[in-house]
Engineer: 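Attaching a single structure in structure tokens format; questions to follow.
Nothing here was measured: the structure is a model prediction, and the numbers come from that model. So you know, we letter chains A, B, ... as the sequences are listed, proteins then strands, and number each from 1.
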Amino acid sequence: MALENKRPTITINEQLLNKKISVKTILNIFNDHSTMTEEQMLLKLNEVISKKIKQDKVNSRKKPLIDKNTLFPQIALEFKEFFSRRGYAPSTLDTHMRNLRQFVSFLNYSYANYGSFNTILELHRLTKIMIVSFEEFLIEKLNTEQIQGSTVYRYLSTVKLLLQMLHEKSISTIHYVIPEALRKQGKRSNDYIETEQINTLIESVVKSNSQVKFRDMCVILLTMEIGCRPIEITNLKIDDLIITERRIRIHSRKSGTRTLKISKDLSQLLKRYLEIRDSLQITNTNMFINSFGEPITTNGIRSIFERANKKAFNERRFNPKALRHTYATNALDNENDFDEVSASMGHLHRCSTEWYIHRSVQRMLRRALPHNPLNQIMNGE
DNA sequence: GTTCGGCCGTATAGTAAAAT
DNA sequence: ATTTTACTATACGGCCGAAC
């Protein structure tokens with residue numbers, strides 16, 4: 001390490017060329033330069049750099065989570081086994097399994113003296129009375145405002161499906177119809193977010209020092225600009241972005257596939273994000289990844305929004321869906337072609353889009369996205 | 001034929017807790 | 001302290017048949 005006659009030199013790791021280190025960090029290193037030798041400075045710099053590189057490495061998950069299957073009663077697993085052959089989406093099967101867990105534990109609790117209900121074969125002891133008492137149990141929860149009507153309906157739908165299966169397997173002959181009064185749909189909400197609020201949210205992300213800052217910005221701005229769903233963001237593959245044409249192809253089971261135009265600024269931001277992503281060793285082709293290098297999930301998207309909200313407003317003010325609603329309202333308000341808006345929202349039917357027209361006319365008149373918040377960010381940097 | 005509404009599969013939201 | 005998962009609850013929307 002002797003420097004002697006030579007000028008001090010430093011070998012920069014190739015990886016470093018792609019890393020960004022803030023000016024402030026560098027300045028901090030040389031803060032007390034008066035007391036440091038050149039050699040010490042270089043050592044210190046190297047130290048900071050290697051720390052930074054280490055930091056940017058993708059973490060790996062330590063150990064697998066608890067086997068999900070152990071969380072569900074045997075009946076739910078058998079249910080899944082039976083129905084997964086019918087092409088149900090994973091989320092649907094999950095929902096039913098969760099609902100079944102409630103039902104099975106209800107049976108085991110309320111009818112303990114009838115013996116246990118563990119496997120579907122044991123469900124031959126299931127009686128209509130038990131189901132009706134489950135209904136009553138749910139109604140009680142409904143009346144005490146623990147759950148909504150639509151949830152009661154969901155639970156009973158699962159029971160109905162279970163009975164279908166039991167019938168097909170000749171385990172039970174109970175024919176069950178959900179009572180009319182218990183078939184409640186959920187209520188639609190419609191949030192509208194003023195532009196300033198969106199700006200505040202985005203600014204808070206821009207200002208943050210988060211390692212996933214660029215990812216988060218891309219996710220929020222994508223939702224804002226094209227009104228896509230969280231699930232559609234999780235489904236995005238790298239190939240879905242056609243950067244030269246500034247087009248992005250989004251897909252979900254619910255809405256199918258559609259291709260949308262994005263702004264110049266957003267495409268630049270995405271490009272920048274993808275550069276960062278490229279510098280990590282990622283084995284999948286998903287555009288957005290979590291800190292483990294795995295494809296991001298809808299939970300991940302939600303937490304991006306929650307974090308940003310908390311930072312910006314100190315409370316949860318709006319969610320991805322609200323941005324989606326805002327997008328639809330703005331798009332319609334700016335006198336875009338109705339069918340175009342409908343298509344860009346991924347609505348297959350006009351009625352889905354029409355719903356947004358019935359919003360407060362006053363508010364619709366008041367605001368119209370005066371500018372793209374991205375302009376400020378890109379110019380400001 | 002268009003519109004309305006039910007059905008039901010599937011997505012999102014809120015919260016707590018775990019993992020780093 | 002931050003970021004993610006797990007769980008429960010609930011909203012959204014495609015599809016289709018009945019009512020207009």
Engineer: Whole angstroms only, please: what is the CD1-P distance between I289(A) and dT3(C)?
Structural biologist: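 One finds 15 Å between P of dT3(C) and CD1 of I289(A), rounded.
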Engineer: Listing time: all N or O pairs from protein to nucleotides 12-16 of chain B that are below 3.5 Å?
Structural biologist:
unit_1  : atom_1 : unit_2  : atom_2 : d
dT12(B) : OP1    : P230(A) : N      : 3.0
dT12(B) : OP1    : I231(A) : N      : 2.9
dT12(B) : OP2    : I231(A) : N      : 3.4
dA13(B) : OP1    : N319(A) : OD1    : 3.1
dA13(B) : OP1    : N319(A) : ND2    : 3.4
dA13(B) : OP1    : K321(A) : N      : 3.2
dA13(B) : N7     : R302(A) : NH1    : 3.1
dG14(B) : N7     : R302(A) : NE     : 3.2
dG14(B) : N7     : R302(A) : NH2    : 3.4
dG14(B) : O6     : R302(A) : NH2    : 2.6
dT15(B) : OP2    : R316(A) : NH2    : 2.8
dT15(B) : O4     : R302(A) : NH2    : 3.3

Engineer: To the nearest 10°, let me know how far the axis at one end of the helix from dG1(B)-dC20(C) to dT20(B)-dA1(C) is tilted from the axis at the other, five pairs an end.
Structural biologist: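 It comes to 30° between the two terminal axes.
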Engineer: Rounded to whole angstroms, how far apart are CD1 on I304(A) and C1' on dT2(C)?
Structural biologist: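 I304(A) atom CD1 is separated from dT2(C) atom C1' by 14 Å.
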Engineer: Which side-chain N or O atoms in residues 159-169 of chain A pair as donor and acceptor under 3.5 Å with protein atoms at least two apart or in another chain?
Structural biologist:
unit_1  : atom_1 : unit_2 : atom_2 : d
E168(A) : OE1    : R86(A) : NH2    : 3.0
E168(A) : OE2    : R86(A) : NH2    : 2.9

Engineer: Between I139(A) and L182(A), is any pair of side-chain heavy atoms under 4.5 Å apart?
Structural biologist: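 Contact flag for I139(A)/L182(A) side chains = yes.
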Engineer: When you compare the side chains of E135(A) and Y176(A), does any donor N or O come within less than 3.5 Å of an acceptor on the partner?
Structural biologist: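 Judged by distance alone, the side chains do pair up.
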Engineer: Could you check which of dA9(C), dC8(B), dG9(B) has an atom nearest any side-chain atom of K141(A)?
Structural biologist: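 Between dA9(C), dC8(B), dG9(B), the one nearest the side chain of K141(A) would be dA9(C).
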Engineer: I want to verify a distance call: between dG13(C), dT10(C), dG9(B), whose nearest atom is closest to the T151(A) side chain?
Structural biologist: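 Minimum distance to the T151(A) side chain belongs to dT10(C).
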Engineer: Would you kindly say whether D265(A) and S263(A) are connected by a side-chain donor-acceptor distance under 3.5 Å?
Structural biologist: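 No donor-acceptor contact under 3.5 Å links the two side chains.
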Engineer: Less than 4.0 angstrom between a side-chain N/O of K160(A) and OP1 or OP2 of dC8(B), yes or no?
Structural biologist: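 For K160(A), the contact criterion (side-chain N or O under 4.0 Å from OP1 or OP2 of dC8(B)) is met.
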Engineer: Centroid separation under 6.0 Å, is that true for the rings of Y111(A) and F117(A)?
Structural biologist: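 Not close enough - the centres of the two rings lie 6.0 Å or further apart.
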Engineer: Using whole Å, report how far CG of L93(A) lies from C1' of dT10(B).
Structural biologist: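 Distance, rounded to whole Å: 11 Å.
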Engineer: Give a yes/no answer on whether the side chain of S157(A) brings an N or O atom under 4.0 Å of OP1 or OP2 in dC8(B).
Structural biologist: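 Checking S157(A) against dC8(B): no side-chain N or O falls below 4.0 Å of OP1 or OP2.
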Engineer: Would you say the side chain of L241(A) lies within less than 4.5 Å of the side chain of I248(A), judging by non-hydrogen atoms?
Structural biologist: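 A side-chain contact exists here, since the closest heavy-atom pair is under 4.5 Å.
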Engineer: Do Y155(A) and F103(A) have their ring centres less than 6.0 Å from each other?
Structural biologist: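 Aromatic pair excluded; centres sit 6.0 Å or further apart.
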Engineer: Grab the CD-C1' distance between Q164(A) and dC7(B) for me, whole Å please.
Structural biologist: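 Result: 12 Å.
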Engineer: Could you tell me how far apart L323(A) (CG) and dA11(C) (P) are, to the nearest whole angstrom?
Structural biologist: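 For the pair L323(A) CG and dA11(C) P, the rounded distance is 19 Å.
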Engineer: Taking for each residue the nucleotide of DNA chain C with the nearest heavy atom, is it I296(A) or Y155(A) whose nucleotide lies nearer the 5' end?
Structural biologist: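 This one resolves to I296(A).
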Engineer: Rounded off to whole Å, could you give me the CG-to-P distance for the N235(A) and dT10(B) pair?
Structural biologist: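 That distance rounds to 14 Å.
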Engineer: Counting only side-chain N and O atoms of R324(A), is one of them less than 4.0 Å from OP1 or OP2 of dC12(C)?
Structural biologist: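 Negative; the distance criterion is not met.
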Engineer: Distance check needed: dC7(C) C1' versus N99(A) CG, whole Å only.
Structural biologist: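 Answer to the nearest Å: 12 Å.
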Engineer: Once you round to the nearest 0.5 Å, how far does CD1 of I75(A) lie from CZ of R101(A)?
Structural biologist: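 Here the rounded value is 13.0 Å.
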Engineer: Nearest whole Å is fine: how far is dC12(C) P from R154(A) CZ?
Structural biologist: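 It is 14 Å, rounded to the nearest whole Å.
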Engineer: If you take the centroid of each ring, where Trp contributes its six-membered ring, are H96(A) and F79(A) closer together than 6.0 Å?
Structural biologist: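 Yes, ring centres under 6.0 Å apart.
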